[in-house]
Amino acid sequence: MAVTERLPLGRVAEEVRPEVELVTLTIDGRVVQVPAGITLLEAARLAGMRIPTLCHHPALPPEGACRVCLVEVEGRSNLVPSCQFPVADGLRVRTNSPVVREARRTVVELLLARHPHDCLGCVRNGSCELQELARQVGADPDRFQGQPSSVPVDDSSPALVRDPARCILCGRCVRACSLQAVGALGYAYRGLATTVGPAFSHRLAEVSCVACGQCASVCPVGAIVERDDTARVWEALADPARYVVVQVAPAVRASLGEALGLPPGTPVTGKLVTALRRLGFRQVFDTEFTADLTIVEEANEFLHRLAEGGPLPMFTSCSAGWVKFCEHFFPSRLPQVSTCKSPQQMMGALVKTYFAEVQQVDPDSIFSVSVMPCTAKKLEAARPEMGGGGRRDVDAVLTTRELARMIREAGLDLAALPEDRFDPPLGAATGAASVFGVTGGVMEAALRTVYEWVTGSELGTLEFAALRGWEGVREATIHLDGQRVRVAVVHGLGNAARFLRALEEGAPSPAEGPGQGRPYHFVEIMACPGGCVGGGGQPYALDPEVKRARAAVLYREDSSRRLRLSHRNPTVQWLYRHWLGEVGGEKAHRLLHTTYQPREPY
Amino acid sequence: MPVLPAECLEESDPRFARLDEVIERYGRNPSALIQVLHEAQKLFGYLPEQVQMRVARRLGLPVSHVFGVSTFYALFSLRPVGRHRIQVCMGTACYVKGGEQLLADLQERLGVGIGETTADGRFELQAARCLGCCGLSPVITVDGDVYAECKPRLLPAILKKYD
Ligand code: SF4
Ligand code: SF4
Ligand code: FES
């Protein structure tokens, strides 16, 4: 009898239960103890075996659709998918027998039979999980010849492009979209005719897709990707008649490095600014500046609503995916959504008005680009109600992934670039703006300002512990000069849907106070799990820890700043005094606020 | 992937009210989806998009899920089926003895293509593989009734029997 190895339990154990029960099984001849309740796949990982997977994704429920993860279990006539098979005492498992290796290879070869082989022209070339898998199992791409899917490419959405010919039917996007409580995507038909996509072969723009991009961030291949706007941006950069400016969202500086070979959690703010200058942008602005501005406008709006008794709760409006979700699925809540434009759109509006004025540039010659962790921002920038006089606030939105491609294409070595700073005046920000990029951050930033405005005194600590963290819904009560204000933070649209349904059913009764029977006064909702650090335009990452590393960067940016309250941003103050007028005033309303429209669910 | 018919039912179509009753009867329970679709198909004859959307909304399911189920099971039809199904045998014997002409004649007479249903929902036309009665060729069947040694000139009389 072999010695029993107690495997380092690591994260798996923590996630299962603290007082975890152990089971003993044999994996490839080694007797090992692992926590009960995990799958063979996880047990094998603990034992140091990397069983290949494809439909499995750590952030999604298992589905067992692809059969790539097959293993042999003694006493069973068929191979079993390890991603679904629970561990049990006494199991004898072989993850690496000739039968297993051959079966896996055949499974992958069958997938390749219908998949196009033009990898060099695919945007996922180099980051494709199918490529990596084929390499891992040693697949022969030409062993089987299949009929490729003839369903046409769907580029109807301003945010995403679906190419069903590349789809390997793993169903990850279906699960991601259903976790988002949208369910725009599903399996249809059966057998060889199986497809994945919206019902009745509709295109994405015709259904209630909210453009969150969670599907794109889990698709292992190039079958759902962000709409590529790099060509339009290159073109503008090459055109001497255009004045090309760029703004960068907080969460991008915490993740861009990953896409260019740096470890997760590497802050690249200064190098990112240099890279953008070298790409040819005339001005490099910081979306954090308008995040501060958003807080000032939004905090003001909130205090008005609080004083006038509604409509409450007020929902934040910075997450474009959440806004579209609310329009489709909870249209009756639209009056409760803050009318503030998102920081991206506020920056866009200021660039073509304020900046054009002081810099004496013709606003029509300005090409305004933003770099966002988000695909829904592409949709937001294209909304007809954004902009004025037929002019878009923002002309092109690049995701973090697209910017990484441009930097690579330009031959810039990000790690080796010197640091630089954002351009004044739209480049100055406080720490409050940095935390915008993490779930809870907008609420935290808003409360810092609200508290000081109402009480006239500073908060003892600027960090709201109850609002940080990764629970799907978090809440807190703050005391504002004798008023109890209840706030909540929600991330991921599945959580948002549950939260709103509970509100509808008149869930927990409110703390006494000015809410007049309403359980919450102020609610932050972010469409993506984790907030912008987990945005649909962020570098691909299978490991859920990556999001936390990104969040840590933003929290550090905040705590290392001298100014950490949005309304203390001197440039914001200056802008109101000399150009915008009153907070929430006529000019501010015209430029910085927007409207919503109810839509049908599909 | 088959192209599905674009159908437009009136909101006031009384069958929608009956469908709603069915859904209520199942307590709007999403796990009753298959039964509800089954009854919807009895009401409408098939499962057009509007019906599937109605079912989806009232059961609180995404349409994509309902569509996944309705396209998975062969018992559901996504296109209208006729009250009477005409099959024209295209087996070798029938084909040689004029089956193809029968099919062409029927298409023209009914104004439909193969696999389609007439606008009034009366007939659905299908081309069949060998029906196994080659001695009687050419053969057509209507709702399973076999018409042997069929000629185009006999067709009007045959069709008249089915209303
Ligand atoms: S973008 Fe979001 S809502 Fe749209 S299909 Fe993808 S996951 Fe679903
Ligand atoms: S589109 Fe991508 S994620 Fe969705 S089923 Fe196809 S391969 Fe999987
Ligand atoms: S990874 Fe286990 S079945 Fe796909």
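Letters go in sequence order (proteins before strands), and every chain restarts at 1.
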Should we count [atom1] of [X] as having more than 12 external heavy atoms under 6.0 Å?
X        : atom1 : result
A:Gln147 : CD    : no
B:Glu108 : CD    : no
A:Phe144 : CZ    : yes
A:Gln84  : CD    : yes
B:Leu75  : CG    : yes
B:His38  : NE2   : no

Considering only heavy atoms, which portion of [X] lies under 4.5 Å from any heavy atom of chain B: side chain, backbone, both, or neither?
X        : answer
A:Val182 : backbone
A:Ala181 : neither
A:Tyr602 : both

Exercise. Identify which of A:Gly186, A:Pro601, A:Pro198 forms the greatest number of heavy-atom pairs closer than 4.5 Å to chain B.
Key: A:Pro601
Quiz item: For B:Gln126, what residues pass the side-chain contact (heavy atoms from CB on, under 4.5 Å) criterion, not counting sequence neighbours?
Solution: B:Arg85, B:Gln87, B:Glu124
Quiz prompt | Contacts of A:Arg383 that satisfy salt bridge (charged side-chain N to carboxylate O under 4.0 Å, His left out) - sequence neighbours left out | solution = A:Glu327, A:Glu385
Quiz item: For B:Glu11, which residues count as a salt bridge (charged side-chain N to carboxylate O under 4.0 Å, His left out) partner, sequence neighbours excluded?
Solution: B:Arg54
Exercise. Please assess B:Met53 against A:Glu600 for the test side chain to side chain contact (heavy atoms under 4.5 Å, CB included), listing each intermediate value before the final yes or no.
Key: CA-CA 11 Å; B:Met53 276 175 66; A:Glu600 293 280 298; 5.8 Å; no
Self-check item: Check: B:Leu78 and A:Phe200 side chains under 4.5 Å, non-hydrogen atoms
Solution: yes
Exercise. Show your working on side chain to side chain contact (heavy atoms under 4.5 Å, CB included) between A:Tyr189 and B:Phe67 and close with a plain yes or no.
Key: CA-CA 9 Å; A:Tyr189 304 97; B:Phe67 186 69; 3.7 Å; yes
Exercise. Taking heavy atoms only and a threshold strictly under 4.5 Å, list by residue number the residues of residues 57-66 of chain B that touch chain A; give 'none' if the list is empty.
Key: B:Arg57, B:Pro62, B:Val63, B:Ser64
